[in-house]
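See structure below.
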Protein chains: 2
Amino acid sequence: MPRLKANTSTCSVARALELLGDRWSFLLIREVIFGTRRFDDFAAHLGIARNVLAAKLAALVDAGILEQRPLHQDARRLGYHLTEMGDGLLPAMVALLQWGDRWLQTPDTVPLRIVERATGAELPPVQLLDHAGQPLTRRELDWAPGPGAGDPGIAPLVAAYEKQRRVVPRPIPPAPTAIPRPNAKGKPR
Amino acid sequence: MPRLKANTSTCSVARALELLGDRWSFLLIREVIFGTRRFDDFAAHLGIARNVLAAKLAALVDAGILEQRPLHQDARRLGYHLTEMGDGLLPAMVALLQWGDRWLQTPDTVPLRIVERATGAELPPVQLLDHAGQPLTRRELDWAPGPGAGDPGIAPLVAAYEKQRRVVPRPIPPAPTAIPRPNAKGKPR
DNA sequence: CTATTACAGTTGCTTTTTAAAACCATACGG
DNA sequence: CCGTATGGTTTTAAAAAGCAACTGTAATAG
C-alpha cells in the first residue's frame, strides 16, 4: 500500500519495506512462526483491528509471503502459512528478536527464547560472517555496486554513497566503546 | 510513536517494532550505514518529508540507536551516527537486504552488494546456525519460554502459543517444495 | 435436517498518523 | 551587513489505523 519515492524503490531494503514496513507485518509473520493460523487468533493475540488485519493478510498473501492452506489434512477450512519466501525472513526475524532481547530487555525479562528442536539449546546470536565463518565487525564491512546499480532508479543514490565514502576517515568515538561482542550480556539501559 | 497493545508490547519483536516498525526507520538506518550523516542528505536520498524526518531522527536518537557527533574531528557541525545499539541492527539489516535481493530482485537487478572490506568478496547469506555452526532449517527450530515469560503482559500470549503447538502435526504442503537452501539462487516470481 | 454457534471477514464512520509545502532560525563566508 | 547552506518548525491536507456493528459461510449440537 505505501508508495515510496522513485529513488528508493529500486533498493532491496526499500522494496522489502514496501511490503513489511508498517507496524503489523512483522508481527503477523512472528505470529505465523509461532504457529498462529487463524484470523481471529491473529486479531486476539495482536489487538489489531479486523479490517486492517484483513488488508494486511491479503497484502502478504499477494506478495507471496503467506499462503492459505487447509488447517489440517483434508479440512475445508483454511489457515495462513509461510511460503518458502516467507520462510526466508526467518534470519531477519530472529536477528530482530535477538536485538530486542539484547537492547530492550534485561536478562530477566526475556520472554521467549528460540531454541534448537533437537537439543533445546538456545540459538547463538545471528552474526555477519565472512567466508571462513569468522564474525565480521562493522568496520570490516563495505559495499560495492551490484549488477543493477546502473538502473536510473538507483544510480543517483549509488553516486551519493560513493561521494560520502570519500569523505571523513571516521570521527573518533567520544568513548572508545568496546567492540560489540555478540555473546556479551551487557545491560544496556 | 506508535503504541502497541499491552499483550504484545512485552515481546522483544514488538518492542523492536515500536521503534522501527514504520516505513522510514529502517531506511534511515540503511542510510547511516551507507555513510549518510546530514539532515538534508537523508531528505534528498529518501524523499522523506522534512517534518517526518525530524521526528524520526529524534525518536531514533531518543531510543539510543543514533547519536549526534561532530562530522569531522573538531568540527562544530553535528551528524547522525550509529551507536553501539544501532550497530547491533546490522545483522537484521543485512538479512533483510539479502532477502530483498533474493526475492524481490532478479540476479541482474541487485543494486548493492555487501562485501568484506579486506577482500571485496560478497558476504555469504546471513543464516541461522546451531552451536556447531551448521545451518538450521525452520523445522529444526523451536521456542521455549524465557525468564520473563510469566510477565502478565505476555503470559497469555505464551499460553496461546503453547496451545497452538499441541495442535496439527503440520499439513502436507500441496507441492513438496524444496527445503530452502540458503545459497540457492532460484528465481522467485 | 434444523438451529446454534464459531469463524472470517465487510461496511461505514471516527480518530490518529503521515505527508507536503511553506515558513523560520542560526551559522558562517564574503 | 547580505546571501546562502543547514536544520529544522508550522500549518493544512491526505492516508492509514481503529472501532463496532453487520453479513455470509462452516462446523456442530440436537
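Here is how names work: the chains are called A, B, and so on, in the same order as the sequence lines, proteins then strands, and each is numbered from 1.
A cation-pi arrangement, defined by a distance under 6.0 Å to the six-membered ring centre and an angle within 45 degrees of its axis, is present between B/R165 and B/W143.
Distances were taken from every side-chain heavy atom of B/V52 (C-beta onward) to each of C/dT18, D/dG18, D/dA17; the shortest belongs to C/dT18. Closest approach to the A/D40 side chain among D/dT6, D/dG18, C/dC7 is made by C/dC7 (side chain taken as heavy atoms from C-beta onward). You'll find that the side chain of A/A54 is closest to C/dT10, out of C/dT10, D/dG7, D/dA17.
Contact check, B/R23 against C/dA19: a side-chain N or O comes under 4.0 Å of OP1 or OP2. Between A/W24 and D/dG18 there is a side-chain polar atom (N or O) within less than 4.0 angstrom of OP1 or OP2.
Mapped onto DNA chain C by nearest heavy atom, A/N51 and A/Y80 fall at different nucleotides, with A/Y80 at the one closer to the 5' end.
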Discussion item. Using side chain to side chain contact (heavy atoms under 4.5 Å, CB included), reason through B/L157 and B/T10 one step at a time and then give a plain yes or no.
Written reply: CA-CA 10 Å; B/L157 191 58; B/T10 317; over 6 Å; no
Discussion item. Between B/M85 and A/L104, does the side chain to side chain contact (heavy atoms under 4.5 Å, CB included) criterion hold? Intermediate values first, please.
Written reply: CA-CA 10 Å; B/M85 184 184 184; A/L104 306 175; 3.7 Å; yes
Worksheet item: Could you walk me through whether A/Y80 and A/V61 pass the side chain to side chain contact (heavy atoms under 4.5 Å, CB included) check?
Response: CA-CA 9 Å; A/Y80 292 92; A/V61 168; 3.8 Å; yes
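Looking at B/D101 and B/R113, no side-chain N of the basic residue comes within less than 4.0 Å of a carboxylate O on the acidic one, giving no salt bridge.
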All N/O contacts under 3.5 Å from nucleotides 26-30 of chain C to the protein, with atom names and distances to one decimal?
residue	atom	partner	partner atom	Å
C/dC28	OP2	B/R76	NE	3.3
C/dC28	OP2	B/R76	NH2	3.0

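Among the protein residues, A/L57 comes within range of no part of the nucleic acid, since none of its heavy atoms lies under 4.0 Å from any strand.
B/I48 places its CD1 atom 13 Å from the P atom of D/dT9, with the value rounded to the nearest Å. For the pair A/D22 CG and C/dA19 P, the interatomic distance rounds to 12 Å; values are reported in whole Å. Whole-Å rounding puts the A/L53 CG to C/dA8 C1' distance at 10 Å.
Residues satisfying the ring-ring contact (aromatic ring centres under 6.0 Å, His included) criterion with B/F26, sequence neighbours excluded, are absent altogether. Taking A/F39 as the reference, nothing meets the ring-ring contact (aromatic ring centres under 6.0 Å, His included) condition, with sequence neighbours excluded.
For C/dA8, the base has a donor-acceptor partner in the side chain of A/R50 [N/O atoms by modelled type, under 3.5 angstrom].
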